[in-house]
Amino acid sequence: MEIAKAYDPKEAEEKNYQRWESLGFFAPEINGNPDAEAFSIVIPPPNVTGSLHMGHALQHTLMDVLTRWKRMQGYRTLWLPGTDHAGISVQRKVVEQLKKDEHKKPMDIGREEFVKRAWKWKELYGNTITEQMRREGASVDWTRQRFTMDESLSLAVRNVFCTLYDEGNIYRGLRIVNWCPKDKTVLSDLEVKEETSKDGKLTYLRYPVKDSDKTITVATTRPETMLGDTAVAVNGDDERYKDLVGKMVLLPLTNREIPIIADAYVDAEFGTGAVKITPAHDPNDYLVGERHNLEQRLVMNMDATMNAAAGTEFEGLDRFVAREKVVEEFEKLGLLEKVDDYEITLPVCERCKTIVEPILSEQWFVKMDELRDMGLELIKQENAPHFSPEVPHLKVYTAWLENLKDWTISRQLWWGHQIPAWYDADGNVFVGRTEEEAKEKAGGRELTQDSDVLDTWFSSGLWAFSTLGWNGDVTTTLDLETFLPTDVLVTGRDIMFLWVSRMMMLTKKFVGKTAFKDCVITGTVLGKDGKPMSKSRGNGVDPIEMFDKFGVDATRIYLASIATGADIRWNDIGVETYRNFANKIWNAARFCLMYSEASDLDWATATQEEKDKYREERGRLTLADRWIDSRAAKTAQALNRSLENYQFHEAVNLVFHFFRDDFCDWYIELRKDEIVAGNILASAHLFWVLDMALRMLHPFMPYLTEELWLKLPGSSDALHNPAYREADASIMLADFPVGNPKWFDDIAEKEMESVIELIKKVRNIRAEINISTAVKFTVHVAAHEYFQKVFAANEAQILKLAKAEKLVIGETLDVPRASAKAVTADASIAVPLEGLIDFDKERERLQNQIEKLDIELQRLNGQLSNENFVSKAPAEKVEELRDRQTEIEQQTKTLTSNLESLNV
RNA sequence: AGUCUCUUAGCUCAGUUGGUAGAGCAUUACCUUGACAAGGUAGGGGUCAGCAGUUCGAGUCUGCUAGAGACUACCA
């Protein structure tokens, strides 16, 4: 069979994914073994507004590698896909669209119509990322695709809410919250990020003390909030202010009198030692206010303009305009002490970067005490989830749980799960799964539903079990039984608290199980500049572009080659290396297929059992066959072990070097002559190894391996894992190599290494003396009897690969003076080169070899003459070094005598 | 401020019970050898950030220093 000269990724990608999906290969139902163990992963649901970025590509690759690997091993495998409704993001898209297309605001069309539009937006644009996942080759079960606002998932949300409410674990209350004036919604602490600004100012304001000519100076970064001050606090132990405590201050610009109070919260060392207290606009002040029973004076509207309580002069002004005006007014009154430059970190909205305003507001909260304890118990008692890598995530995760605060779950949006709470005319609250239920509780009174929706992460927190059918009304399903706990969660650090922790707690609480056993935390793929990829930096790399340029398989295996958890700078060259590798695989297979006809008869019709039997007949195998079998088996075993430990980069290294070094560079070259000559057994064995190599590569490079595997003579559903015997032939259902120890062959490896070393040394002589390959020379080898036989048995290969025309094997070397010489662990080598050799250079060459050995020998001698080492180090180690010492001494001796013979 | 991570070849990075420092790319020389020039062969290149300690032995363990980064908290 003749195939294209280079691998064309596009063709393989389009054809194969469609076939796999349409044949139902991704669904667990493809597994026909009723006793098969389950393996499951739920995808971290990407935002419906999202498009694929490199972080997804990395995580999806790892999840797919695991899924394909386990599927091939015969597990009943489920990788469940889906998307998240992404409250604020979608809301913003729809608002923008509305403004652009119709010049309308949400209020103009009303809630119902707005939500309708949002759904429409989702239908139109929400599957960008799922289509991109198909391109990635993600073997997710699309028949089980979920969306956080699906009917059943929404019911789960309401049920969870009601249960938590009934238990008192959800409450409504007036608290200082993080308010985003642009998105006009409250944010949880985790959705607030920090930005450092050097342009901050620290403003010192003087407040006149009543019935006194004294003033007390407070410092603030937000002067406009002074309009809401209801006290000035000092430390009770601060001698400077002791006499002022209990007195009143005349708050400028407001005509209000506020008390001077003493509170331990105030650090006498900082600033002026006196702090303005604004309970409605600062979390710390709020607490102080509670302790001292202070008025909570709200001076801002929810769009961050000042309200009526701020006074007529300020009402309607934006907070930053009001800030300037306050300072101006103080200056006019002569009460502005000074304004210092001050580096400040500001809380900003994670999404829109607007400065977040701490503001007093009535919101819904989840009390985290019980849930936190559940999370802590899981991690401490069961080590669930088990993090990879464990450092630093176990510690960070645990510490975060230990300091967990209540979770603000209401959001002032229209898109999302509307809070299942209703109010009567008096403001009494009734919580129920449905309006009817709430009404019943309210005794039939007219009710209106809370207009807020729940934090998006509330529904994602249920993802591990809501996607498997749990909705509170239905609490047991076959999928829940089979796939929960899921085996592993693969995600990034950024959502460890937002999502990972909450899913662990809520799954434990509502299903009584751990959500996932293991948790792989990937690193961050950084831009070429070493900074996280971002639109504003313009350093992003689009995975789709990489797919187009280098192919999906090359991109995947490159991503898998990054050490788990480590950040890495993006590097096109890395992908290019694996693109080249893909081409190498293609061409190695191309060579094999060129001679496939010869083996068809023997091979294509053989069953796996017959092939295994063939393998048993060791006598029919050459040294190279036994060697490659051993290498393949050891590679497979190590590969499985690496994947079990989520050491993807190790796994990639193993298959990469096995394929390129062992299989291409040595095995194919060693057997080439016989294959080309039409030796059926040689060809059959070649396919036998190629088939295994492709199966090991498949989880990383699904398209290429499928494309080739289906072309292999004899590849059929007979090679499937027994669980998939009924399905159409595909490498993705073929049995994953286990690395059977019965193929381990240390003798073959030792002998082959000896032959390889010999060939390399001869090549080295040719390269160093710079002898054209056109010159065919004779190679003399002296070795012990055992290796004489090994070399003799592999004479043809040695001659071919060393480009020699004659091999003389003996007990000792018998060569003319004009010979180039070298030693290996098992042999000494000489190549007579009359007329081609420069004696001075040859001396130098030998001298160099001796020197290299001498450096090592001296170190060994040093160690072995150290009594402490010999007595304290393990006996095996000492023995090992002694052997090496003997070997080097022997080699040095040979080289030295070679050198001397040059001088004769 | 607290916690943690990182610093290894020119570049990007591997390196788990402490035991002769590795890969890819780049680089040098040679090679149109019937799978592959997106290739082959043979090389060169490292005081493992610095200092001290533990140890027979430290890239690996401990402490300190310097640089880079992450997270958490606070910032009147």
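Lettering follows sequence order; numbering is per chain, from 1.
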Stem segments of RNA chain B by first residue number [Watson-Crick or G-U, under 3.5 Å, at least 3]: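 B:1-7 with B:66-72, B:10-13 with B:22-25, B:27-31 with B:39-43, B:49-53 with B:61-65 - these are the stems of 3 or more pairs that involve RNA chain B.
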
Do [X] and [N] share a donor-acceptor pair, side chain to base, under 3.5 Å?
X        : N     : result
A/Arg579 : B/A38 : yes
A/Glu768 : B/C30 : no
A/Lys672 : B/A35 : yes
A/Thr773 : B/C31 : no

Can you name the nearest heavy-atom pair linking [X] to [Y], along with the distance?
X        : Y        : value
A/Pro389 : A/Thr564 : CG-O, 4.0 Å
A/Asn178 : A/Asp189 : ND2-OD1, 2.9 Å
A/Arg222 : A/Pro358 : NH1-CD, 3.4 Å

Interatomic distance at P, B/A49 relative to B/A35, whole Å: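 The same atom, P, in both gives a distance of 46 Å.
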
At under 4.0 Å between heavy atoms, what does [X] touch on the DNA or RNA strands: base, sugar-phosphate, or nothing?
X        : result
A/Lys276 : nothing
A/Arg766 : nothing
A/Val266 : base
A/Ile568 : sugar-phosphate
A/Glu669 : base
A/Ser772 : nothing
A/Asp282 : nothing

Between A/His657 and A/Asp662, a side-chain donor and acceptor under 3.5 Å: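 Looking only at side-chain atoms, A/Asp662 and A/His657 do not form any donor-acceptor pair under 3.5 Å.
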
Starting at atom [atom1] of [X], determine the distance to atom [atom2] of [N], rounded to an integer number of angstrom.
X        : N     : atom1 : atom2 : result
A/Ile344 : B/A73 : CD1   : P     : 17 Å
A/Asp189 : B/C74 : CG    : P     : 8 Å
A/Ile771 : B/C31 : CD1   : C1'   : 15 Å

Under-4.0 Å side-chain N/O to phosphate OP1/OP2 contact, A/Tyr578 with B/A38: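 So the side chain of A/Tyr578 is outside the cut-off, no N or O lying under 4.0 Å from OP1 or OP2 of B/A38.
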
Closest to the A/Tyr342 side chain, choosing from B/G24, B/C75, B/A14: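 That would be B/C75.
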
Under 3.5 Å, which N/O atoms of the protein pair with N/O atoms of nucleotides 4-8 of chain B?
from, atom 1, to, atom 2, distance (Å)
B/C4, OP1, A/Lys395, NZ, 2.9

Earlier contact from the 5' end, RNA chain B, for A/Lys877 and A/Ala563: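 So the residue in question is A/Ala563.
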
Residue whose nearest RNA chain B nucleotide is more 5′ - A/Pro532 or A/Cys664: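 Final value for this comparison: A/Cys664.
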
Pairs of donor and acceptor atoms involving the side chains of residues 548-557 of chain A, under 3.5 Å and at least two apart or interchain, shall be tabulated with distances.
from, atom 1, to, atom 2, distance (Å)
A/Asp548, OD1, A/Arg135, NH1, 3.1
A/Asp548, OD1, A/Arg135, NH2, 2.9
A/Asp553, OD1, A/Tyr703, N, 3.2
A/Asp553, OD2, A/Tyr7, OH, 3.2
A/Asp553, OD2, A/Tyr703, N, 3.4
A/Asp553, OD2, A/Leu704, N, 2.7
A/Thr555, OG1, A/Gly551, O, 2.8
A/Arg556, NE, A/Phe700, O, 3.1
A/Arg556, NH1, A/Asp64, OD2, 2.7
A/Arg556, NH1, A/Glu136, O, 3.0
A/Arg556, NH2, A/Asp64, OD2, 2.9
A/Arg556, NH2, A/Pro699, O, 2.7

A/Trp570/A/Tyr558 under ring-ring contact (aromatic ring centres under 6.0 Å, His included): CA gap, chis, key distance, verdict: CA-CA 10 Å; A/Trp570 182 263; A/Tyr558 169 64; 5.2 Å; yes

